[in-house]
Amino acid sequence: MATGKLVGIDLGTTFSAISTLDERGQAITLPNLDGEMLTPSAVLIEDGSAVVGQAARDVALEQPANVALLVKRFMGHPKFGHLVSGRDFRPETLSAIILKKLVQDAERRIGPIGAAVITVPAYFDDTRRKATKDAGRIAGLDVLDIIDEPTAAALAYSFQQAQNPVQVKPNDPLPIPEQTVLVYDLGGGTFDVTLVRLSPHRFESLAIEGDVRLGGKDWDDRIVDYVANQFKTKFGEDPRTDPVTLAGLNYAAERAKRTLSKLQQTNITYSHAGKVATVLLTRAEFENITKDLLMRTRLTTQQVMRQAQRNWDQVDRILLVGGSTHMPMTGRMIAEISGKAPDNSLAVSEVVARGAALHAGIVAARL
């Protein structure tokens, strides 16, 4: 194995994160050069060079054809969903650019990185997993392993109280209690539910269900449609027909969704064809126009329990993972069907990367 620090990388659909282990063996998230724990998974291709992160996301508002977003939804496909700056790209090439940015920023803080574990949704097939591993190699990484996101999240939660968690010898048991954990992972672009059995000697996925085409972006799209339809009713024009206006609407919708996770209402102001509109959106109305999306996650969760032939009394812990679980409706729904309060005591957007870093430490210790 290459010398250098070990890292875990959550290569996300909308945001990515990178973590490492501190001197006590605890997983910590590494901020990027902007001081942010999460880096937007956005790639701007311009004049033969690439820019990754918030700057690329900002440019997408005015130059949507030059920016690649939601790359993860196309992993395993021969091509990305559309041309970027007039060029065809493979999804793993764009993902490698994101990975390289994460690693370069991290190395500014911790020095050379030797190896990495990269996470994928539990339901990714072998083709998508291989594409993810290839992306790591293209980025110049020694990829120790590809690990399922729910397993990584469960690791991070299980090791919360452990002292020197990765100081293990090849045949030593891990310092975690035996438990059954349900991981409800709603990210920006993907959704999955996994029932995992953890023990000091092994991790076993009892049941997995997911949807590569369901995530926080779909909640954003409902807001876009809601405000666009009001504009159309008032002015007779559809703002979604203009790529630049649509990009601005997408950005405003995501901000509104985040605001409604904390407040009961928000205003969305935007312009199109010289006309300005302001739309009031309440949390209650937001939950109403997205209730079918939440129902899809509910049915998937219940299907996982049936598939595993378990009842809720046999589940020790329910973990909320992914930035979209900040929406109060998700935790409320899980509590309603399970009778248990879900656990979001760790940063839900960082927990997968932290678990991947722990896994990297365990794998390296056992080599």
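Throughout, residue positions are numbered sequentially from 1 according to the sequence presented.
- For the pair T269/V276, a side-chain contact is recorded, criterion being any heavy-atom separation below 4.5 Å from C-beta on.
- The salt bridge (charged side-chain N to carboxylate O under 4.0 Å, His left out) pairs that include a residue from residues 106-118 number zero, where partners must be two or more places apart or lie in different chains.
- With a 4.5 Å cut-off on side-chain heavy atoms, V321 and E149 do not count as touching.
- Applying the ring pair (Phe, Tyr, Trp, His ring centres under 6.0 Å) criterion to F89, with sequence neighbours excluded, gives no partner residue.
- Nearest approach of M305 to L182, heavy atoms of both residues: SD-CD1, 3.9 Å.
- Of the possible polar contacts, none joining the S349 side chain to the G322 backbone as a donor-acceptor pair under 3.5 Å is found.
- Other residues, nucleotides and ligands contribute over 12 non-hydrogen atoms within 6.0 Å of the CD atom of E204.
- A donor and an acceptor atom, one from each side chain of S41 and S16, are located under 3.5 Å apart.
- When hydrophobic clusters are built by joining Ile, Leu, Val, Met, Phe, Trp and Tyr residues whose side-chain heavy atoms come closer than 4.5 Å, directly or via intermediates, V315 is grouped together with L206.
- Cluster annotation: L293 and L281 are assigned to the same hydrophobic cluster (Ile/Leu/Val/Met/Phe/Trp/Tyr, side-chain heavy-atom contacts under 4.5 Å, transitive).
- Between the side chains of D242 and H272, not a single donor N or O lies within less than 3.5 Å of an accepting N or O.
- Between V193 and Q302 the shortest side-chain heavy-atom distance does not fall below 4.5 Å.
- In this structure, OG1 on T14 lies 7.5 Å from CG on L70, to the nearest 0.5 angstrom.
- Around the NZ atom of K79, the shell of radius 6.0 Å holds no more than 12 heavy atoms that belong to other residues, nucleotides or ligands.
- Minimum interatomic distance between A106 and I113 (heavy atoms only, all atoms of both residues): CB-CD1, 3.8 Å.
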Q: List the steps and the verdict of side-chain contact (heavy atoms from CB on, under 4.5 Å) for Q303 and R306.
A: CA-CA 5 Å; Q303 174 60 23; R306 284 193 296 271; 3.1 Å; yes
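- With rounding to the nearest 0.5 angstrom, the CD1 atom of I334 is 12.5 Å from the CG atom of D343.
- Applying the salt bridge (charged side-chain N to carboxylate O under 4.0 Å, His left out) test to pairs two or more places apart or on separate chains, those with a residue in residues 210-219 are R73-D218, D211-R296, K217-D221.
- In this structure, P31 and M37 have side chains that are in contact, with non-hydrogen atoms separated by less than 4.5 Å.
- For E178 and R197, the salt-bridge test passes: some basic side-chain N is under 4.0 Å from an acidic carboxylate O.
- The aromatic rings of F74 and H77 lie perpendicular to each other, with more than 60° between the two planes, well past the 30° mark.
- Under the 4.5 Å side-chain heavy-atom criterion for grouping Ile, Leu, Val, Met, Phe, Trp and Tyr, I146 is connected to V7 within one hydrophobic cluster.
- The nearest pair of heavy atoms linking I118 to G136 is CD1-CA, 4.0 Å.
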Q: Please report the C-alpha distance between M75 and T132 in whole Å, then the side-chain angles of each, then the deciding distance to 0.1 Å, and finally whether the side-chain contact (heavy atoms from CB on, under 4.5 Å) criterion is met.
A: CA-CA 7 Å; M75 290 300 278; T132 304; 3.7 Å; yes
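- Between the side chain of S95 and the backbone N or O of A135 there is no donor-acceptor pair closer than 3.5 Å.
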Q) Are T301 and Y184 close enough, and set up right, to give a side chain to side chain donor-acceptor pair (under 3.5 Å), and what steps lead you there? A) CA-CA 8 Å; T301 303; Y184 176 99; 5.8 Å; no
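- Among D10, I9, T29, the single residue meeting the side chain to side chain contact (heavy atoms under 4.5 Å, CB included) criterion with S19 is T29.
- Screening residues 326-335 for side chain to side chain donor-acceptor pair (under 3.5 Å) gives E287-R332 as the qualifying pairs, with residues at least two apart or on separate chains.
- Shown here for V71 and F80, the closest heavy-atom pair between the two residues is CA-CE1, 3.8 Å.
- Listed for the K72 side chain is a donor-acceptor partner under 3.5 Å among the backbone atoms of L11.
- A distance of 3.5 Å separates CE of M333 from OG1 of T297, quoted to the nearest 0.5 Å.
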Q: Just do the side-chain contact (heavy atoms from CB on, under 4.5 Å) check on V51 and E46 with the steps written out, would you?
A: CA-CA 8 Å; V51 176; E46 192 174 53; 5.7 Å; no
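- Closest non-hydrogen pair, T245 versus S271, comes out as CG2-O, 3.7 Å.
- In this structure the side chain of R129 reaches within 4.5 angstrom of the side chain of D148, judged on heavy atoms.
- With values rounded to the nearest 0.5 angstrom, L263 atom CG is found 12.5 Å from T282 atom OG1.
- Under a 3.5 Å cut-off, the side chain of N311 and the backbone N or O of D313 do form a donor-acceptor pair.
- Taking CG from D292 and CZ from R298, the interatomic distance works out to 14.0 Å, rounded to the nearest 0.5 Å.
- In this model, a donor atom of one side chain and an acceptor atom of the other lie less than 3.5 Å apart for N229 and R240.
- Legend: salt bridge (charged side-chain N to carboxylate O under 4.0 Å, His left out) pairs involving residues 112-122, not counting sequence neighbours: none detected.
- No salt bridge links D126 with K133; every basic N to acidic carboxylate O contact stays at or beyond 4.0 Å.
- The OH atom of Y123 sits 9.5 Å away from the OG1 atom of T194 when rounded to the nearest 0.5 Å.
- Between F231 and Y270, the angle of the ring planes lies from 30° to 60°, which puts this pair in the tilted group.
- Contact check for F286 versus M329: side-chain heavy atoms found under the 4.5 Å cut-off.
- In this structure, I18 and D105 have side chains that are not in contact, with every pair of non-hydrogen atoms separated by 4.5 Å or more.
- Put simply, L33 and I110 are part of two different groups of oily side chains (I, L, V, M, F, W, Y) that touch within less than 4.5 Å, one to the next.
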**Q.** side-chain contact (heavy atoms from CB on, under 4.5 Å) between N250 and D220, intermediate numbers included
**A.** CA-CA 7 Å; N250 284 327; D220 299 347; 5.7 Å; no
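- Looking at R317, its side chain never comes within 3.5 Å of a backbone N or O of V181 through a donor-acceptor pair.
- Evaluation of the salt bridge (charged side-chain N to carboxylate O under 4.0 Å, His left out) rule for K130 yields D134 as partners, not counting sequence neighbours.
- Residue L320 forms a side chain to side chain contact (heavy atoms under 4.5 Å, CB included) with just one option from D185, T325, V183, and that option is T325.
- When all heavy atoms of M327 and S261 are compared, the closest pair comes out as CA-OG, 3.6 Å.
- Side-chain contact check for L21 versus I28: every heavy-atom pair is 4.5 Å or farther apart.
- Hydrophobic cluster membership differs between L249 and Y251, with clusters built from Ile, Leu, Val, Met, Phe, Trp and Tyr side chains linked at under 4.5 angstrom.
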